[in-house]
Participant: 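If you scroll down you'll find the structure; I have some questions about it.
Since the model is a prediction, treat every value here as computed from it, not as a measurement. Naming: A, B, ... by sequence-line order, numbering from 1 per chain.
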Amino acid sequence: MSKLPKRADDYSAWYNEIVKRADLAENSPVRGCMVIKPYGMAIWEKMQRTLDDMFKETGHYNAYFPLLIPKSFLSKEASHVEGFAKECAVVTHYRLKNAPDGSGVIVDPEARLEEELIIRPTSETIIWSSYKNWIQSYRDLPILLNQWANVMRWEMRTRLFLRTAEFLWQEGHTAHATAQEAIEETRTMLDVYARFAEETLAIPVIRGVKSANERFAGAEDTYCIEAMMQDGKALQAGTSHFLGQNFAKAFDVKFAGKDGKLDYVWGTSWGVSTRLMGALIMAHSDDNGLVLPPNLAPIQVVVVPIFKGEDSVAPLKEACNRIARLCKKLGISVKVDDRDTQSPGWKFAEYELKGVPIRLALGLRDLEAGTVELFRRDTMSKQSVPELQLEELLPELLEQMQRTVYEKALAFRQANTYTVDSYDDFKRLIEEQPGFYLAHWDGTPETEERIKQETKATIRCIPLPGQLEGIAEPGTCMVTGKPSQGRVVLARAY
RNA sequence: CGGGAUGUAGCGUAGCCCGGUCAUCGCGCCUGGUUUGGGACCAGGAGAUCGCAAGUUCGAAUCUUGCCAUCCCGACCA
C-alpha cells in the first residue's frame, strides 16, 4: 500500500484518499450519494449516541416524520421554498412496468401522482403541518422533538461527507408559547452543539450568529458553531435557528394562552449532519492517516502480538487476551489483532491509517520483561511500559490524548487567526495565509456581498460575547469606513 | 449548470498522436512453502467484453459523435 498524499501538497486529494483508505466511505453508483462503510458508520454511531443523550438530557424526545413531503407544503413559507426549491428531488410516479420492447422496466405513464412529492431537504414543513393538529392550548407547549433521518439536497458538486446529495443528520423542531422561550431553546441547543464539538469531537468552535445573507431559509436568526480546518478554511459544524412565528403562520398553528387570546406558536429548529465526519477528519488527521479523539474512536486500543516461531504463538495470544480483558474491565474498547496472515509492520500502518489512539505491541522480549510497547497515535511516539502499569496508565492516557488533540486544534486556530483593519491588507492576506480574519464590518448585506465577490471569503459569524478576545470594541468597517459595533469572523469556507 | 482534465483487472498504471499478436507493469487476490520487533520473501495461479452507446473501417483501447461518472476551477449549498 502506497503512502497517502501529503496535506501540504494537495489538501483535497489527501482528504479524499483518507476517507477511502481508512474505510470510512466510498462513492456509490448514484451520483452524489455515498456508501458509509462499517468503520465510518461506527464513528457516526458514536456521535449519534453522545448527541442523543445530550438531547434527552435537555428534555427532548425522538420522533419520526415521513421522507416524502407534499409539494404544496414546501411553498407555504415563502423564503423557505426559495432557499430549497433549486435542490429538490421530486417523486412523480408510483409504478413501473415492463417496457413493450423488452428492454427493461419503464415508468408507467398511467401512474402519475396527483400531487408530486418532494424528498425532504429538511422537515420543517411536514412537522409543522402535524404541529397544527397537536397544538391548541398553551398546555400543549412546549413540544421538544428531534428526529434522526436522511435528507436529500441535489447538490451540484459533492464530496464524501462534506457535501453529499443524501446525508444523515438529526433535526430538532420545537414549538413554544413565547419568543423568549424559543430563543432560549435556540441558545441551549447551540450550547449543546458547542460542547459536543469541543468535548467529544475535540474541535474548538466559535459560537456566533449568522449575518442576514447566511441565515437559514425561513429563520429569524441563525446561530452557528464555526470550526477551522487544517487548511485554514472554515466549516460550519452546526446550526440552531430561531424561526420566530414564520412556520406557525405558514401552517396556521395557533394556541390559546392563559388569557384566552389566540397567538401563533414560536419555533426553533437545529441540526448537525454527517458533515461532522468531514470536520473530524480535516481538523485532526495527518499525513499518516486518521487521528481520532479517544471519545470517538470505535477501537481505542489495539493489541498486536509479534510472533517468533510456533512456540511463541500460544503464550503471546494469552498475554494479548489478558490485556484485552483488562481493557474491557476499564470500559475501554479494545481489539486484539492476532492474525498471522499479516505482518506486524502491516498492522501498525493499518491502525495508524485508521486512527486507533493507542497500540500495544508485545513479543517474546516483552513477555520475559513483563512489558509492552505502547504507541500513541496523536504524537506518533513509542515507549516501553510495564504491563502492570496499564491499568492505571490507559484510562489516564486516553483522557490526556482527548485533551491533547483538542489543544492542538485550538493552537492551530489561534495561530491562524488574524486581526485586520484595512481592506487592501485583507484582500492580500486571505490569499497568502488562509485562516480566520477578525475585522470590522458595517453590518450591511451590500458590503458583505462585495467582500464575497472580491475575495471569496464570507462572514462566518458574528461571535457571541465572550467567544474571542478583544473583538467587542467599536470601530469602522474595513470596506466602507462606516461605524461597526465589533469585529466579525471572515474566512473562506467549505 | 458554465470552463478544464480524466476514465484500461479490486486499486494504481503502460499503450492512444502514427488503427492490425498490445492488452503492459506494480500493488492487491488465490495455492504451496519459508517468515513475523515498522507495510516480509520465493515459486506457481486466477482475474479486463479497455466507462457506456452509436458511428467510421476489412479490422477500434486507439479515430468521430453522444451520454455517464470522477477530479480541479466558478456559481449554489449543511
Participant: For A:D366 and for A:A237, locate the closest nucleotide of RNA chain B by heavy-atom distance; then report the residue assigned to the nucleotide nearer the 5' terminus.
Facilitator: A:D366

Participant: Take atom CD of A:E310 and atom C1' of B:U36, then tell me their distance rounded to the nearest Å.
Facilitator: 12 Å

Participant: OP1, OP2 of B:U36 versus side-chain N and O of A:S343: anything below 4.0 Å?
Facilitator: no

Participant: Provide the Watson-Crick or G-U wobble partner of B:G37, both distances under 3.5 Å; none if there is no partner.
Facilitator: none

Participant: Determine the interatomic distance between P on B:G3 and the same-named atom on B:C16; round to the nearest Å.
Facilitator: 29 Å

Participant: Now, which nucleotide makes the Watson-Crick or G-U wobble pair with B:U70, with each of the two distances under 3.5 Å?
Facilitator: B:A5

Participant: If you measure from the C1' atom in B:A48 to the same atom in B:A14, how many Å do you get, rounded?
Facilitator: 15 Å

Participant: Kindly point out which of B:G39, B:G38, B:U36 is positioned nearest to the side chain of A:E350?
Facilitator: B:G39

Participant: Measuring to OP1 and OP2 of B:C76, would you say a side-chain N or O of A:K86 lies under 4.0 angstrom away?
Facilitator: no

Participant: Using atom C1' in both nucleotides, what's the gap between B:U56 and B:U62 to the nearest angstrom?
Facilitator: 13 Å

Participant: Could you run down nucleotides 67-75 of chain B 5' to 3' and tag each one B, S or - for protein heavy-atom contact under 4.0 Å?
Facilitator: --SSSSBBB

Participant: Can you tell which of A:Q230, A:R377, A:R7 makes a side-chain hydrogen bond (donor to acceptor under 3.5 Å, both in side chains) with A:D286?
Facilitator: A:R377

Participant: With a 3.5 angstrom cut-off on both distances, give the Watson-Crick or G-U wobble partner of B:G20, or none if there isn't one.
Facilitator: B:C58

Participant: Please say whether the positively charged group of A:K233, taken as NZ for Lys or CZ for Arg, lies over the ring of A:Y494, i.e. under 6.0 angstrom from the six-membered ring centre and within 45 degrees of the axis.
Facilitator: yes

Participant: Check every atom of B:G38, B:G37, B:U36 against the side chain of A:K308 and return the nucleotide holding the closest atom.
Facilitator: B:U36

